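None of these values were measured; they are calculated from a predicted model. Counting starts at 1 for both ligands and their atoms, following the listed order.
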Amino acid sequence: MNHPIASYLQTDNLGAWGTYLEQVDRVTPYLGPLSRWVETLKRPKRILIVDVPIELDDGTIAHYEGYRVHHNLSRGPGKGGIRYHPNVTLSEVMALSAWMSIKTAVVNVPFGGAKGGIRVDPKPLSVGELERMTRRFTSEINMMIGPQKDIPAPDVNTNEQIMAWMMDTYSVNQGHTSTGVVTGKPIALGGSLGRRDATGRGVFVVAKEAYADMGCDVTQAKVAIQGLGNVGGEAARLFAKSGAKVVAIQDHSGTLYNPNGFNVPDLLRHVSIAHEIKGFDGESIPAESFWSTPCDILIPAALESQITKVNAQLIQAKLIVEGANGPTTPEADDILKERGIAVVPDVIANAGGVTVSYFEWVQDFSSFFWTEEEINRRLDKIMIDAFRGIDSIAKMHHVSLRTATFIVGCERILKAREMRGLYP
Ligand code: GLU
(Lines give C-alpha, C1' and ligand atoms only; values in the text may rest on other atoms or scores of the structure.)
Protein backbone atom coordinates (compact mmCIF):
# COMPACT_ATOMS: atom_id res chain seq x y z
CA MET A 1 0.00 0.00 0.00
CA ASN A 2 1.39 3.39 -0.96
CA HIS A 3 0.71 6.17 1.55
CA PRO A 4 1.99 9.48 0.15
CA ILE A 5 3.49 11.59 2.95
CA ALA A 6 1.37 14.62 3.88
CA SER A 7 2.81 17.82 2.43
CA TYR A 8 3.51 19.50 5.78
CA LEU A 9 5.65 16.53 6.77
CA GLN A 10 7.91 16.90 3.74
CA THR A 11 11.01 18.30 5.28
CA ASP A 12 14.60 17.13 5.20
CA ASN A 13 15.14 17.48 8.89
CA LEU A 14 12.30 15.85 10.79
CA GLY A 15 14.11 16.10 14.15
CA ALA A 16 12.03 14.73 17.02
CA TRP A 17 9.20 13.78 14.67
CA GLY A 18 11.71 11.68 12.68
CA THR A 19 12.75 9.96 15.92
CA TYR A 20 9.12 9.17 16.69
CA LEU A 21 8.41 7.81 13.18
CA GLU A 22 11.45 5.55 13.47
CA GLN A 23 10.21 4.29 16.86
CA VAL A 24 6.83 3.40 15.32
CA ASP A 25 8.52 1.62 12.38
CA ARG A 26 10.59 -0.42 14.80
CA VAL A 27 7.55 -1.64 16.72
CA THR A 28 5.29 -2.33 13.71
CA PRO A 29 6.50 -5.94 13.18
CA TYR A 30 5.23 -6.77 16.69
CA LEU A 31 1.71 -5.41 16.19
CA GLY A 32 0.28 -8.38 14.27
CA PRO A 33 -3.05 -7.69 12.51
CA LEU A 34 -3.27 -4.28 14.23
CA SER A 35 -0.40 -3.10 12.02
CA ARG A 36 -3.10 -2.51 9.37
CA TRP A 37 -3.93 0.64 11.36
CA VAL A 38 -0.38 1.82 12.05
CA GLU A 39 -0.47 4.70 9.55
CA THR A 40 -2.93 6.32 12.00
CA LEU A 41 -0.02 6.79 14.41
CA LYS A 42 2.13 8.45 11.75
CA ARG A 43 -0.24 11.34 11.07
CA PRO A 44 -1.55 13.80 13.65
CA LYS A 45 -5.34 13.95 13.63
CA ARG A 46 -5.39 17.75 13.42
CA ILE A 47 -3.00 20.65 13.64
CA LEU A 48 -3.71 24.28 14.44
CA ILE A 49 -1.11 26.98 13.79
CA VAL A 50 -1.97 30.37 15.26
CA ASP A 51 -0.57 33.87 15.20
CA VAL A 52 -0.30 35.30 18.72
CA PRO A 53 -0.02 39.12 18.58
CA ILE A 54 0.50 41.05 21.81
CA GLU A 55 1.32 44.61 22.78
CA LEU A 56 4.69 44.72 24.56
CA ASP A 57 5.25 47.06 27.52
CA ASP A 58 7.09 49.54 25.25
CA GLY A 59 4.04 49.88 22.98
CA THR A 60 5.36 47.79 20.08
CA ILE A 61 3.37 44.83 18.72
CA ALA A 62 5.05 41.42 18.78
CA HIS A 63 3.83 38.34 16.89
CA TYR A 64 4.56 34.81 18.08
CA GLU A 65 3.85 31.52 16.35
CA GLY A 66 1.73 29.09 18.38
CA TYR A 67 0.63 25.50 17.82
CA ARG A 68 -1.81 22.96 19.21
CA VAL A 69 -1.69 19.46 17.77
CA HIS A 70 -4.17 16.63 18.40
CA HIS A 71 -2.20 13.52 17.58
CA ASN A 72 -4.74 10.83 18.44
CA LEU A 73 -8.09 10.93 20.25
CA SER A 74 -9.10 7.28 19.93
CA ARG A 75 -8.88 6.60 23.69
CA GLY A 76 -10.26 9.88 25.02
CA PRO A 77 -9.78 13.66 24.99
CA GLY A 78 -6.43 15.08 23.96
CA LYS A 79 -3.91 15.56 26.77
CA GLY A 80 -0.53 17.21 26.82
CA GLY A 81 1.45 20.22 27.87
CA ILE A 82 2.15 23.67 26.47
CA ARG A 83 5.80 24.55 25.88
CA TYR A 84 7.27 28.06 25.63
CA HIS A 85 10.70 27.86 24.00
CA PRO A 86 12.51 29.74 21.20
CA ASN A 87 13.21 26.44 19.37
CA VAL A 88 9.61 25.17 19.34
CA THR A 89 8.63 24.04 15.82
CA LEU A 90 5.57 22.36 14.38
CA SER A 91 7.42 19.07 13.90
CA GLU A 92 8.65 19.15 17.52
CA VAL A 93 5.09 19.73 18.81
CA MET A 94 3.88 16.91 16.53
CA ALA A 95 6.43 14.54 18.07
CA LEU A 96 5.58 15.63 21.60
CA SER A 97 1.85 15.13 20.90
CA ALA A 98 2.51 11.64 19.54
CA TRP A 99 4.58 10.70 22.59
CA MET A 100 1.61 11.84 24.72
CA SER A 101 -0.67 9.39 22.85
CA ILE A 102 1.74 6.54 23.59
CA LYS A 103 2.32 7.72 27.19
CA THR A 104 -1.36 7.99 28.16
CA ALA A 105 -1.95 4.53 26.65
CA VAL A 106 1.05 3.01 28.47
CA VAL A 107 -0.20 4.11 31.91
CA ASN A 108 -3.75 3.40 30.72
CA VAL A 109 -5.31 6.75 31.56
CA PRO A 110 -8.34 7.52 29.34
CA PHE A 111 -6.78 10.22 27.18
CA GLY A 112 -5.41 10.65 23.70
CA GLY A 113 -2.32 12.66 22.88
CA ALA A 114 -1.96 16.38 22.23
CA LYS A 115 0.65 19.09 22.67
CA GLY A 116 1.02 22.81 22.18
CA GLY A 117 3.67 25.42 22.20
CA ILE A 118 4.71 28.95 21.40
CA ARG A 119 7.96 29.73 19.61
CA VAL A 120 9.16 32.31 22.14
CA ASP A 121 11.90 32.88 24.68
CA PRO A 122 9.70 33.73 27.68
CA LYS A 123 12.63 34.82 29.90
CA PRO A 124 12.84 38.49 28.80
CA LEU A 125 9.03 38.94 28.90
CA SER A 126 7.50 40.87 31.81
CA VAL A 127 4.74 39.20 33.84
CA GLY A 128 2.17 41.36 32.02
CA GLU A 129 3.54 40.39 28.60
CA LEU A 130 3.57 36.71 29.57
CA GLU A 131 -0.04 36.96 30.72
CA ARG A 132 -1.19 38.75 27.54
CA MET A 133 0.60 36.18 25.36
CA THR A 134 -0.88 33.26 27.31
CA ARG A 135 -4.42 34.66 27.20
CA ARG A 136 -4.25 35.49 23.48
CA PHE A 137 -2.86 32.02 22.71
CA THR A 138 -5.63 30.40 24.78
CA SER A 139 -8.28 32.37 22.89
CA GLU A 140 -6.71 31.37 19.57
CA ILE A 141 -6.78 27.65 20.44
CA ASN A 142 -10.18 27.91 22.17
CA MET A 143 -11.82 25.80 19.45
CA MET A 144 -9.44 22.89 20.17
CA ILE A 145 -9.57 22.71 23.99
CA GLY A 146 -12.15 21.82 26.63
CA PRO A 147 -12.52 19.38 29.54
CA GLN A 148 -14.02 16.75 27.20
CA LYS A 149 -11.94 17.71 24.15
CA ASP A 150 -8.34 18.47 25.00
CA ILE A 151 -6.77 19.37 28.33
CA PRO A 152 -3.46 21.30 28.30
CA ALA A 153 -0.93 21.20 31.16
CA PRO A 154 2.50 22.64 31.99
CA ASP A 155 5.63 21.67 30.06
CA VAL A 156 9.02 23.35 29.52
CA ASN A 157 8.86 27.00 30.76
CA THR A 158 5.16 26.91 31.68
CA ASN A 159 3.82 26.61 35.21
CA GLU A 160 0.82 26.84 37.55
CA GLN A 161 0.36 30.59 36.99
CA ILE A 162 0.20 30.09 33.23
CA MET A 163 -2.37 27.30 33.73
CA ALA A 164 -4.42 29.68 35.94
CA TRP A 165 -4.48 32.30 33.13
CA MET A 166 -5.44 29.62 30.59
CA MET A 167 -8.25 28.33 32.82
CA ASP A 168 -9.53 31.85 33.43
CA THR A 169 -9.43 32.83 29.74
CA TYR A 170 -11.26 29.68 28.67
CA SER A 171 -13.81 30.08 31.50
CA VAL A 172 -14.52 33.74 30.66
CA ASN A 173 -15.03 32.81 27.00
CA GLN A 174 -17.44 30.01 28.06
CA GLY A 175 -19.31 32.19 30.56
CA HIS A 176 -18.72 29.84 33.49
CA THR A 177 -15.79 28.54 35.52
CA SER A 178 -14.39 25.39 33.98
CA THR A 179 -11.55 24.06 36.13
CA GLY A 180 -11.18 20.78 34.20
CA VAL A 181 -9.94 22.48 31.01
CA VAL A 182 -6.30 22.44 32.14
CA THR A 183 -4.30 20.47 34.71
CA GLY A 184 -1.26 21.55 36.68
CA LYS A 185 -3.28 24.45 38.12
CA PRO A 186 -2.65 26.12 41.48
CA ILE A 187 -4.21 24.14 44.36
CA ALA A 188 -6.54 27.08 45.10
CA LEU A 189 -8.08 26.78 41.60
CA GLY A 190 -8.80 23.06 41.50
CA GLY A 191 -5.22 21.87 41.16
CA SER A 192 -4.15 18.58 42.68
CA LEU A 193 -1.81 17.97 45.56
CA GLY A 194 1.28 16.17 44.32
CA ARG A 195 0.94 17.33 40.68
CA ARG A 196 3.97 19.61 40.68
CA ASP A 197 6.32 16.86 41.87
CA ALA A 198 4.61 13.98 40.07
CA THR A 199 6.87 13.72 37.01
CA GLY A 200 10.11 13.75 39.04
CA ARG A 201 8.58 11.35 41.55
CA GLY A 202 7.61 8.95 38.76
CA VAL A 203 11.15 9.09 37.33
CA PHE A 204 12.59 8.15 40.72
CA VAL A 205 10.05 5.38 41.38
CA VAL A 206 10.64 3.77 37.99
CA ALA A 207 14.44 4.17 38.27
CA LYS A 208 14.40 2.44 41.64
CA GLU A 209 12.31 -0.41 40.24
CA ALA A 210 14.42 -0.84 37.10
CA TYR A 211 17.68 -0.69 39.06
CA ALA A 212 16.39 -3.31 41.54
CA ASP A 213 15.47 -5.47 38.56
CA MET A 214 19.18 -5.35 37.58
CA GLY A 215 20.02 -6.63 41.07
CA CYS A 216 21.22 -3.21 42.27
CA ASP A 217 20.17 -0.94 45.12
CA VAL A 218 19.32 2.67 44.34
CA THR A 219 20.58 3.85 47.73
CA GLN A 220 24.11 2.94 46.61
CA ALA A 221 23.85 4.56 43.18
CA LYS A 222 25.81 7.44 41.68
CA VAL A 223 23.48 9.54 39.58
CA ALA A 224 24.06 12.12 36.81
CA ILE A 225 21.20 14.48 35.94
CA GLN A 226 20.81 16.76 32.93
CA GLY A 227 18.26 19.49 33.64
CA LEU A 228 17.38 20.68 37.15
CA GLY A 229 13.90 21.98 36.34
CA ASN A 230 10.60 20.63 37.61
CA VAL A 231 11.44 17.05 36.59
CA GLY A 232 15.20 16.76 37.20
CA GLY A 233 15.02 18.82 40.41
CA GLU A 234 12.42 16.61 42.11
CA ALA A 235 14.14 13.42 40.87
CA ALA A 236 17.46 14.73 42.31
CA ARG A 237 15.76 15.44 45.65
CA LEU A 238 14.32 11.93 45.89
CA PHE A 239 17.57 10.22 44.82
CA ALA A 240 19.51 12.17 47.44
CA LYS A 241 16.84 11.49 50.08
CA SER A 242 17.12 7.75 49.38
CA GLY A 243 20.86 7.87 50.03
CA ALA A 244 21.99 7.86 46.37
CA LYS A 245 24.71 10.37 45.39
CA VAL A 246 24.02 12.96 42.69
CA VAL A 247 27.56 13.33 41.27
CA ALA A 248 27.09 15.26 38.02
CA ILE A 249 24.60 17.91 36.93
CA GLN A 250 24.19 19.89 33.74
CA ASP A 251 21.94 22.68 32.51
CA HIS A 252 22.11 25.53 29.96
CA SER A 253 24.54 27.41 32.25
CA GLY A 254 27.17 24.69 32.71
CA THR A 255 28.22 21.26 33.97
CA LEU A 256 29.29 20.50 37.53
CA TYR A 257 30.90 17.40 39.01
CA ASN A 258 31.24 16.32 42.62
CA PRO A 259 32.36 12.68 43.13
CA ASN A 260 31.23 12.81 46.78
CA GLY A 261 27.70 13.85 45.83
CA PHE A 262 26.15 17.33 45.86
CA ASN A 263 24.17 18.65 48.79
CA VAL A 264 20.91 18.48 46.83
CA PRO A 265 18.67 20.59 49.14
CA ASP A 266 21.29 23.40 48.90
CA LEU A 267 21.53 22.91 45.14
CA LEU A 268 17.75 23.19 44.72
CA ARG A 269 17.68 26.34 46.85
CA HIS A 270 20.39 27.82 44.63
CA VAL A 271 18.49 26.88 41.44
CA SER A 272 15.22 28.32 42.76
CA ILE A 273 16.92 31.70 43.19
CA ALA A 274 19.44 31.77 40.30
CA HIS A 275 17.32 29.70 37.84
CA GLU A 276 20.53 27.92 36.84
CA ILE A 277 23.25 25.75 38.38
CA LYS A 278 26.05 28.24 37.59
CA GLY A 279 27.57 29.60 40.78
CA PHE A 280 26.93 26.44 42.81
CA ASP A 281 29.85 24.62 44.47
CA GLY A 282 31.42 21.85 42.40
CA GLU A 283 34.11 21.23 39.82
CA SER A 284 33.11 22.90 36.56
CA ILE A 285 33.77 20.48 33.67
CA PRO A 286 33.30 20.79 29.88
CA ALA A 287 29.77 20.05 28.63
CA GLU A 288 30.87 16.92 26.65
CA SER A 289 32.45 15.43 29.78
CA PHE A 290 29.01 15.20 31.38
CA TRP A 291 28.25 12.10 29.31
CA SER A 292 31.43 10.23 30.28
CA THR A 293 31.17 10.97 34.01
CA PRO A 294 31.49 7.79 36.08
CA CYS A 295 27.94 7.07 37.32
CA ASP A 296 25.40 4.24 37.60
CA ILE A 297 22.18 5.98 36.62
CA LEU A 298 21.85 8.77 34.04
CA ILE A 299 18.73 10.95 33.96
CA PRO A 300 18.33 13.17 30.89
CA ALA A 301 15.63 15.61 32.07
CA ALA A 302 16.02 18.52 29.66
CA LEU A 303 15.16 18.57 25.94
CA GLU A 304 15.02 16.19 22.97
CA SER A 305 17.91 14.58 21.05
CA GLN A 306 20.56 14.97 23.77
CA ILE A 307 21.91 11.41 23.65
CA THR A 308 23.33 11.03 20.16
CA LYS A 309 25.44 8.48 18.30
CA VAL A 310 28.52 10.46 19.42
CA ASN A 311 28.00 10.65 23.18
CA ALA A 312 26.19 7.26 23.44
CA GLN A 313 29.65 5.70 23.04
CA LEU A 314 30.91 7.55 26.13
CA ILE A 315 28.14 6.90 28.64
CA GLN A 316 29.33 5.03 31.74
CA ALA A 317 25.92 4.47 33.37
CA LYS A 318 24.30 1.03 33.60
CA LEU A 319 20.81 2.52 33.43
CA ILE A 320 19.30 5.55 31.69
CA VAL A 321 15.88 6.78 32.79
CA GLU A 322 14.41 9.36 30.42
CA GLY A 323 12.88 12.24 32.37
CA ALA A 324 12.76 14.40 29.23
CA ASN A 325 10.63 13.63 26.20
CA GLY A 326 12.63 12.18 23.30
CA PRO A 327 16.17 12.64 24.71
CA THR A 328 17.68 9.66 22.80
CA THR A 329 17.99 9.43 19.01
CA PRO A 330 17.29 6.02 17.38
CA GLU A 331 20.99 5.62 16.39
CA ALA A 332 22.01 6.29 19.99
CA ASP A 333 19.40 3.78 21.15
CA ASP A 334 21.08 1.08 19.00
CA ILE A 335 24.51 1.89 20.44
CA LEU A 336 23.21 1.79 24.02
CA LYS A 337 21.56 -1.57 23.34
CA GLU A 338 24.80 -2.97 21.92
CA ARG A 339 26.71 -1.67 24.92
CA GLY A 340 24.24 -3.35 27.31
CA ILE A 341 22.99 -0.10 28.83
CA ALA A 342 19.31 -0.36 29.83
CA VAL A 343 17.05 2.56 28.86
CA VAL A 344 13.69 3.19 30.54
CA PRO A 345 11.97 5.23 27.83
CA ASP A 346 10.30 8.61 28.33
CA VAL A 347 6.80 7.34 27.59
CA ILE A 348 6.84 5.35 30.84
CA ALA A 349 9.60 7.09 32.85
CA ASN A 350 8.05 10.57 32.78
CA ALA A 351 4.40 9.47 32.74
CA GLY A 352 3.95 10.41 36.42
CA GLY A 353 3.01 13.97 35.41
CA VAL A 354 0.15 13.02 33.14
CA THR A 355 -0.97 10.36 35.62
CA VAL A 356 -1.52 12.96 38.34
CA SER A 357 -3.01 15.27 35.68
CA TYR A 358 -5.59 12.53 35.22
CA PHE A 359 -6.20 12.49 38.99
CA GLU A 360 -6.59 16.29 38.90
CA TRP A 361 -9.12 16.10 36.05
CA VAL A 362 -11.12 13.42 37.91
CA GLN A 363 -11.05 15.48 41.14
CA ASP A 364 -12.24 18.59 39.25
CA PHE A 365 -15.17 16.67 37.76
CA SER A 366 -16.23 15.20 41.07
CA SER A 367 -15.32 18.36 43.07
CA PHE A 368 -13.91 15.99 45.65
CA PHE A 369 -10.23 16.32 46.47
CA TRP A 370 -7.85 13.60 47.62
CA THR A 371 -5.00 13.73 50.13
CA GLU A 372 -1.40 13.85 48.97
CA GLU A 373 -0.81 10.39 50.48
CA GLU A 374 -3.67 8.97 48.43
CA ILE A 375 -2.35 10.58 45.26
CA ASN A 376 1.22 9.39 45.76
CA ARG A 377 0.08 5.88 46.68
CA ARG A 378 -2.01 5.61 43.49
CA LEU A 379 0.75 7.20 41.39
CA ASP A 380 3.43 4.81 42.67
CA LYS A 381 1.18 1.81 42.01
CA ILE A 382 0.38 2.86 38.43
CA MET A 383 4.05 3.54 37.66
CA ILE A 384 5.33 0.29 39.20
CA ASP A 385 2.61 -1.89 37.64
CA ALA A 386 3.15 -0.29 34.22
CA PHE A 387 6.91 -0.78 34.47
CA ARG A 388 6.56 -4.44 35.55
CA GLY A 389 4.17 -5.16 32.69
CA ILE A 390 6.56 -3.63 30.19
CA ASP A 391 9.58 -5.36 31.67
CA SER A 392 7.91 -8.77 31.33
CA ILE A 393 6.99 -8.05 27.69
CA ALA A 394 10.60 -6.99 27.01
CA LYS A 395 11.86 -10.25 28.49
CA MET A 396 9.24 -12.34 26.67
CA HIS A 397 10.01 -10.88 23.22
CA HIS A 398 13.75 -10.28 23.89
CA VAL A 399 13.33 -6.62 22.97
CA SER A 400 14.40 -3.34 24.55
CA LEU A 401 12.22 -1.62 27.14
CA ARG A 402 11.46 1.05 24.52
CA THR A 403 10.14 -1.49 22.03
CA ALA A 404 8.13 -3.23 24.77
CA THR A 405 6.66 0.11 25.90
CA PHE A 406 5.70 1.01 22.33
CA ILE A 407 4.12 -2.45 21.87
CA VAL A 408 1.86 -1.79 24.88
CA GLY A 409 1.04 1.81 23.91
CA CYS A 410 0.49 1.22 20.19
CA GLU A 411 -1.64 -1.89 20.80
CA ARG A 412 -3.96 -0.03 23.18
CA ILE A 413 -4.39 2.90 20.79
CA LEU A 414 -4.88 0.78 17.69
CA LYS A 415 -7.31 -1.62 19.40
CA ALA A 416 -9.45 1.38 20.35
CA ARG A 417 -9.09 2.70 16.81
CA GLU A 418 -10.15 -0.60 15.31
CA MET A 419 -13.13 -1.09 17.64
CA ARG A 420 -14.41 2.41 16.94
CA GLY A 421 -14.09 1.84 13.20
CA LEU A 422 -13.94 4.40 10.45
CA TYR A 423 -16.78 6.90 10.29
CA PRO A 424 -18.02 8.65 8.25
N1 GLU B 1 4.05 18.02 29.88
C2 GLU B 1 3.97 16.80 30.61
C3 GLU B 1 4.42 15.63 29.75
O4 GLU B 1 5.16 15.79 28.80
C5 GLU B 1 2.62 16.58 31.27
C6 GLU B 1 1.43 16.55 30.36
C7 GLU B 1 0.10 16.53 31.09
O8 GLU B 1 0.05 16.44 32.30
O9 GLU B 1 -0.90 16.60 30.37
O10 GLU B 1 4.12 14.50 30.04
Side-chain angles (χ1 to χ4, degrees), residues 16 20 67-73 75-85 88 92-118 141 144-147 149-160 162-163 166-167 179-186 190-203 206 227 229-235 300-304 321-327 344-364 375 379 382-383 386 405 409:
Y20 165 75
Y67 311 97
R68 186 73 187 169
V69 175
H70 289 175
H71 173 260
N72 187 282
L73 307 183
R75 300 180 61 261
K79 188 84 195 79
I82 303 279
R83 176 173 293 200
Y84 290 173
H85 195 279
V88 163
E92 182 194 38
V93 177
M94 282 160 49
L96 293 165
S97 71
W99 284 321
M100 287 309 303
S101 299
I102 307 287
K103 196 184 300 188
T104 53
V106 164
V107 284
N108 216 356
V109 293
F111 294 128
K115 200 83 175 196
I118 305 182
I141 64 164
M144 294 273 271
I145 61 174
K149 284 164 75 176
D150 173 16
I151 305 112
D155 196 75
V156 174
N157 291 331
T158 55
N159 57 23
E160 293 172 7
I162 287 168
M163 294 306 114
M166 290 191 76
M167 187 278 261
T179 52
V181 66
V182 291
T183 59
K185 297 179 295 294
S192 177
L193 294 167
R195 174 61 187 86
R196 195 188 301 164
D197 297 337
T199 315
R201 182 181 177 91
V203 167
V206 162
N230 183 46
V231 180
E234 178 60 14
L303 295 171
E304 300 92 64
V321 183
E322 295 182 337
N325 290 310
V344 183
D346 48 4
V347 285
I348 167 76
N350 70 30
V354 77
T355 301
V356 178
S357 277
Y358 166 57
F359 298 161
E360 180 173 335
W361 184 73
V362 168
Q363 291 171 86
D364 287 341
I375 283 157
L379 169 63
I382 288 180
M383 297 299 292
T405 312

Original post:
Under a strict 4.0 Å criterion on non-hydrogen atoms, which protein residues are in contact with ligand 1?
Top reply: K79, G80, G81, M100, K103, K115, A153, P154, D155, R195, N325, G353, V354, S357

Quick test of your reading: applying salt bridge (charged side-chain N to carboxylate O under 4.0 Å, His left out), list the pairs with at least one residue in [range], sequence neighbours left out, ordered by first then second residue.
| range | value |
| --- | --- |
| residues 103-112 | none |
| residues 347-362 | K185-E360 |
| residues 107-116 | K115-D155 |

**OP:** Report yes or no: does W99 contribute a side-chain atom to a donor-acceptor pair with the main-chain N or O of N325 at less than 3.5 Å?
**Re:** no

Subject >> N350 side-chain N/O to A324 backbone N/O, donor-acceptor pair under 3.5 Å >> reply: yes

Subject >> Residue pair I82 / M166, side-chain heavy-atom distance below 4.5 Å >> reply: yes

